[in-house]
Amino acid sequence: MLPQEIIRKKRNNRRLSKDEIEFFVDGVTTGEITDGQTAALTMAICLNGLNRNEIIHLTKAMRDSGEILDWSSLKGPVVDKHSTGGVGDKVSLMLAPMIAACGAYVPMISGRGLGATGGTLDKFDSIPGYNTSPDNELFKKTVAEVGCAVIGQTQTLAPADKKIYAVRDVCGTVESIPLITASILSKKLAAGLDCLVLDLKCGNGAFMEHMKDAVTLAETIVDVANESGTKTAAVITDMNQVLGKNVGNALEVIEAVDFLKGKEVDSRLYEVTMALCAEILTLSKLAPNLKEAEKALLQALKSGRALQKFQDMITALGGPADFCKKPEKYLPKAAIIRPAYAETEGYVQSMITRNVGLSVIGLKGGRIRPEQPLDYATGFSDFCQIGDYLSKDKPIAVIHAQSEQDFEQAERELRLCIRLGDKPVKKRRNPVIKKIK
Ligand code: URA
């Protein structure tokens, strides 16, 4: 087989066989296929698509390009959640310990920030001592003993995805439903999960802005994952405004700890977190239905067991043993912490959510270059919501910046992110939009 003939075939909009797909993915993994050839094939896929069988073959070939984790010695279901990414999305921080407190095991392989969206890994990296790249032994021990471990992608898990993703990132081929499906699922299937729930963010702060695209991506992922042997469901959730009150790495960790302690719980964040957790518990048969699942989750929160799991995971992975008692003692703090006000009064009608995420990058809480170190302290707290009345007493948000110049820039940007009007608007109802099974 020749790589150029496979590329030519897809360029001419013809179907690729299982053997051809496996040959290409193999070649990418070993390095025999060049980045140029990978770029050409992914562009052909981006333009001409893949049918269901091709997506399944691609996903499985990428999954099998590296190690597949084996959790057969554990006495409970092995589960995970994947979010397509949003602004202020810190759900994983609470979900992993909440689910672990209900009896499942959560080996969560998470990613860094991508574009305007924050990354779970960056949030955990803001905790001093916490090791987001432990060796396999420590990772497995933490999952087995605590019930959850949130770490970064390892070298041995779906290495083909790592290479293909790096090429797609710089060749304009990220936005392709077949490629996104194979990329996300190859990693999740290699993690050896029994069940997976997908949080598909939809709105102006997400990769999928429109409902039609979000539904197609959710249906494709659910179908391919179930076909590949991992029970999967998807929940489409609203990303037309910041999720929760804080945006920025350390600030989101504080919000997560407050959530687990039951203080200052934002209602939209609560709805999304509970919906995803309940879906996991029913899918994995730890709860007979969503109502019972919610009861078990509430119990895990109220009893302090979920908070204890979060602390145990931090301790096991090298973080401070009393972190949850006083997270502020350990997390970095910005030099300037001051509210930013709108120039006029009015009700928040809408938010350009993506630009809020970009503003965090401006404060150096997100990356411009892949290797760039982050300032974990910066970002926004007490962010307003659609329907809030902004005035001289109610700011858009509190800015956490390291210099006056950065503060002023962020203030200008935030003012442009928020559209105000005289008329009250209905606060957005349940941010959980649609479930797909
Ligand atoms: N996240 C992934 O892991 N892969 C994609 O292609 C897009 C988002």
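We count ligands from 1, going down the list as the structure has it; atoms in each ligand are counted the same way.
- Ring-plane geometry between F310 and F124 is classed as tilted, the angle between the planes lying from 30 to 60 degrees on a 0 to 90 degree scale.
- A salt bridge is defined here as a Lys NZ or Arg NE, NH1 or NH2 lying under 4.0 Å from an Asp or Glu carboxylate O, and K201 with D238 fails to meet this definition.
- With 3.5 Å as the limit, one finds a donor-acceptor pair spanning the side chains of D70 and S72.
- Between the side chain of Q311 and the main chain of A306, no donor-acceptor pair closer than 3.5 Å is present.
- Put simply, the side chain of K81 never gets that close to the backbone of D199: no donor and acceptor are under 3.5 Å apart.
- The existence of a salt bridge linking K9 and E20 is confirmed by a sub-4.0 Å separation between a basic side-chain nitrogen and an acidic carboxylate oxygen.
- Closer than 4.0 angstrom to ligand 1 lie heavy atoms from Y165, R168, I180, S183, I184, K187.
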